[in-house]
Amino acid sequence: MRDASVSERLLDWYDGHARDLPWRVGPAARRADERPDPYRIWLSEVMLQQTTVAAVKAYFQRFTTLWPTVGDLAAAEDTAVMGEWAGLGYYARARNLLKCARIVAGDLGGHFPDTREGLAGLPGIGPYTSAAIASIAFDRPETVVDGNVERVISRLHAVETPLPAAKPELTALADAHTPQVRPGDYAQAIMDLGATICTPRSPACGICPLMDMCVGRAEGIAATLPRKSPKKAKPVRRGVVYVGRRADGAWLVETRPQSGLLGGMRGWPGSDWAEAVPDHAPPADAKWAEAGEVRHTFTHFHLILDVMIADDLKEPRRGRFLPSAEFRPSDLPTVMRKAFDLASGQLGTVEQQSNGSV
DNA sequence: CAAACGTGGCA
DNA sequence: TTGCCAAGTTT
C-alpha cells in the first residue's frame with residue numbers, strides 16, 4: 001500500500017463518521033477554520049489516559065464548568081480538584097494536572113506550548129499526550145500512538161511481535177502514515193477507527209475503510225492482534241479502615257500521602273495493606289464495631305478491606321474531623337466510597353451492635 | 001525495562 | 001467469577 005492512501009481513506013471516513021465528543025471540533029467545523037481550545041484538548045487527553053470516553057464525559061463537563069480556563073484551574077484549591085477527580089482513577093493525573101496548569105498559567109502566560117517538544121515534559125504529558133495536543137489542538141503533523149493506533153497498525157501490517165516489544169516498530173509504521181494535511185483530524189480519525197470499527201474484540205472488518213489494505217485481515221489474524229505479553233497474577237492484600245464520626249456528626253478523615261496509591265486523595269484512616277492485616281491502632285478511641293468487608297481490585301492487586309464503624313469518636317491520634325456539611329462521598333476514591341457506603345448503612349444502629357471496644 | 005498506578009464495563 | 005481492556009506516565 002502507498003502511505004498516502006491510508007490517511008486519505010481515514011480522513012474521508014472521518015468526514016462522515018467522526019464521533020461527536022464534548023471536547024472535539026468536528027471535521028465540518030474544522031473546515032470552517034474553527035480551532036479547538038488547547039485547554040480543553042489537554043484536559044480531555046489527560047482524562048482519557050487509560051480511561052474510557054464514557055467515563056470521561058461527565059468529568060470533563062464538570063471540570064470545564066467549574067474551571068473554564070487553565071487560569072481558573074491553576075487557581076483552584078488542591079482539595080477541590082482532587083475531590084472532583086475522585087472516581088476517575090490514576091490520581092497522579094490529577095496531581096500533575098494541577099502542576100501543569102500552574103506552570104502554563106504562570107511561567108507560560110496562560111498559553112500551552114504549540115509544539116510537541118514544548119509540550120513534552122510538562123507534568124503528566126508524555127509521548128502520546130504531547131503528540132495528541134500538538135496535532136489536535138495545533139494541527140502539527142505529529143504521530144499519536146495510543147492503544148487504538150497500536151491495534152489498527154498491528155492489524156494493518158500484521159505485526160505479530162507482542163507488545164510492549166512491538167512499540168517501536170508500530171510507532172515507525174504509524175509515523176509513515178501521518179499526513180501533512182489535516183494531521184489533527186487524521187489523529188482523531190485513526191483513534192476513532194480503533195474505537196468504533198477496529199475494536200479489540202469482534203472488529204467490524206466488513207465496514208472498515210481500510211479493509212482491502214489490511215494484511216491482518218487477509219491473513220485471517222486481525223482479531224488476534226495485537227499480541228501482548230502475558231500478565232502477572234494479582235496477589236490479595238488485606239487491611240482495615242475506620243469509618244467513624246464524632247457525636248456532632250463530623251467524620252474522621254485523612255489526606256493520603258502525596259505519593260503512592262491514591263496519593264493526595266481523601267480517605268479513611270486505617271492499617272497498611274499487606275498479605276495479612278498489619279498491626280495497627282484505631283485512629284481514635286471509640287466503641288468500634290465491624291461493619292463487614294469491602295472487596296476492590298486495583299491495577300496490580302486485589303484488596304479485602306475490613307470496615308470498622310463508630311459514632312462516638314474521641315480525640316483522634318491521626319486524621320482530622322470534617323464537619324458533616326463539608327463531607328461529600330463523591331470526593332472519595334472508589335474504594336473509600338465503597339467503605340463509606342457499607343458503613344453508612346449501619347451507623348444508625350452502631351450502638352446496638354457495639355460491645356467490643358478497642 | 002518492569003512495576004506502580006484506578007476504575008467500570010463486558011464476555 | 002475472572003480476565004481483558006480503555007486516547008499512558010512516571011519511576
*Asks:* So which one's nearest nucleotide on DNA chain B is more toward 5', Arg237(A) or Ala165(A)?
*Replies:* Ala165(A)
*Asks:* So if I take every side-chain heavy atom of Gln49(A) and compare against dA7(C), dG8(C), dC5(C), which nucleotide ends up nearest?
*Replies:* dG8(C)
*Asks:* Could you walk me through whether Tyr39(A) and His111(A) pass ring pair (Phe, Tyr, Trp, His ring centres under 6.0 Å), step by step?
*Replies:* CA-CA 9 Å; Tyr39(A) 168 65; His111(A) 300 287; over 10 Å; no
*Asks:* At 4.0 Å (heavy atoms only), tell me whether Gly263(A) reaches a base, stays on the sugar-phosphate, or touches nothing.
*Replies:* nothing
*Asks:* Tell me whether Arg24(A) is salt-bridged to Asp192(A), with the criterion being a basic N under 4.0 Å from an acidic carboxylate O.
*Replies:* yes
*Asks:* Without decimals, in angstroms, what is the distance between Met191(A) CE and dA6(C) C1'?
*Replies:* 13 Å
*Asks:* Are Phe301(A) and Phe298(A), when compared by the centres of their aromatic rings, separated by less than 6.0 Å?
*Replies:* yes
*Asks:* Taking only the side-chain heavy atoms of Thr334(A) (C-beta and beyond), determine which of dA7(C), dG6(B), dT7(B) contains the nearest atom.
*Replies:* dT7(B)
*Asks:* Would you mind telling me which of dG8(B), dA7(C), dA6(C) lies closest to the side-chain atoms of Arg337(A)?
*Replies:* dG8(B)
*Asks:* Assess whether a salt bridge exists between Arg266(A) and Glu254(A), defined as any Lys/Arg side-chain N lying under 4.0 Å from an Asp/Glu carboxylate O.
*Replies:* no
*Asks:* Between His296(A) and dG6(B), does any side-chain N or O lie under 4.0 Å from OP1 or OP2?
*Replies:* no
*Asks:* So if I take every side-chain heavy atom of Arg93(A) and compare against dA7(C), dG9(B), dG6(B), which nucleotide ends up nearest?
*Replies:* dG6(B)
*Asks:* Look at the side chain of Lys228(A) and decide which nucleotide, out of dA6(C), dG6(B), dA7(C), has an atom nearest to it.
*Replies:* dA6(C)
*Asks:* What does Gly87(A) touch in the nucleic acid at a heavy-atom separation under 4.0 angstrom: a base, only the sugar-phosphate, or nothing?
*Replies:* sugar-phosphate
*Asks:* What is the distance, to the nearest angstrom, from the CG atom on Leu163(A) to the P atom on dA6(C)?
*Replies:* 10 Å
*Asks:* Output the rounded distance in Å from NZ (Lys231(A)) to P (dG3(C)).
*Replies:* 12 Å
*Asks:* Distance criterion of 3.5 Å, no angle test: do you see the side chain of Thr299(A) paired donor-to-acceptor with the base of dG6(B)?
*Replies:* yes
*Asks:* Between Arg151(A) and dA7(C), is there a side-chain N or O to OP1/OP2 distance below 4.0 Å?
*Replies:* yes
*Asks:* Distance check, P atoms only: dT9(C) and dC1(B), in whole angstrom units.
*Replies:* 16 Å
*Asks:* Looking for any heavy atom pair under 4.0 Å, which part of the strands does Leu88(A) touch: base, sugar-phosphate only, or nothing?
*Replies:* base
*Asks:* Please give, in whole Å, the distance from dA3(B) C1' to Lys234(A) NZ?
*Replies:* 13 Å
*Asks:* So which nucleotide from dC5(B), dG3(C), dT7(B) ends up closest to the side chain of His300(A)?
*Replies:* dC5(B)
*Asks:* Rounded to whole angstroms, how far apart are CZ on Phe301(A) and P on dG3(C)?
*Replies:* 16 Å
*Asks:* Select base, sugar-phosphate, or nothing to describe what Arg95(A) touches, counting heavy atoms under 4.0 Å on all strands.
*Replies:* nothing
*Asks:* If you only use heavy atoms from C-beta on, which nucleotide in dT7(B), dA7(C), dG8(C) is closest to the side chain of Tyr91(A)?
*Replies:* dT7(B)
*Asks:* Please give, in whole Å, the distance from dT7(B) C1' to Leu48(A) CG?
*Replies:* 14 Å
*Asks:* Counting only side-chain N and O atoms of Lys232(A), is one of them less than 4.0 Å from OP1 or OP2 of dA2(B)?
*Replies:* no
*Asks:* Can His302(A) and Thr297(A) be said to form a side-chain hydrogen bond (donor to acceptor under 3.5 Å, both in side chains), step by step?
*Replies:* CA-CA 4 Å; His302(A) 301 288; Thr297(A) 298; 2.9 Å; yes
*Asks:* When we call it a touch if two heavy atoms are under 4.0 Å apart, what does Leu21(A) touch: a base, just sugar-phosphate, or nothing?
*Replies:* base
*Asks:* Using the closest heavy atom to pick a nucleotide of DNA chain C for each, name whichever of Leu122(A) or Trp23(A) lands nearer the 5' end.
*Replies:* Trp23(A)
*Asks:* Does a side-chain N-to-carboxylate-O contact under 4.0 Å join Arg30(A) and Asp139(A)?
*Replies:* yes
*Asks:* Which of these nucleotides, dT9(C), dC5(C), dT7(B), is closest to any side-chain atom of Thr129(A)?
*Replies:* dT9(C)
*Asks:* Scan Trp85(A) against the nucleic acid and name what it touches under 4.0 Å (heavy atoms): base, sugar-phosphate only, or nothing.
*Replies:* nothing
*Asks:* Could you tell me the separation between the CD1 atom of Ile136(A) and the C1' atom of dA7(C), rounded to a whole number of Å?
*Replies:* 8 Å
*Asks:* Looking at Tyr90(A) and dG6(B), is any side-chain donor or acceptor paired with a base atom of the opposite kind under 3.5 Å?
*Replies:* yes
*Asks:* Whole Å only: how far is the OH atom of Tyr14(A) from the C1' atom of dA7(C)?
*Replies:* 13 Å
*Asks:* Heavy atoms under 4.0 Å, any strand shown: does Pro123(A) hit a base, just sugar-phosphate, or nothing?
*Replies:* sugar-phosphate
*Asks:* Counting side-chain heavy atoms from CB outward, which of dG8(C), dA7(C), dC5(B) is closest to Arg19(A)?
*Replies:* dA7(C)
*Asks:* Just checking Arg295(A): does its CZ atom have more than 12 heavy atoms from other residues, nucleotides or ligands closer to it than 6.0 angstrom?
*Replies:* no
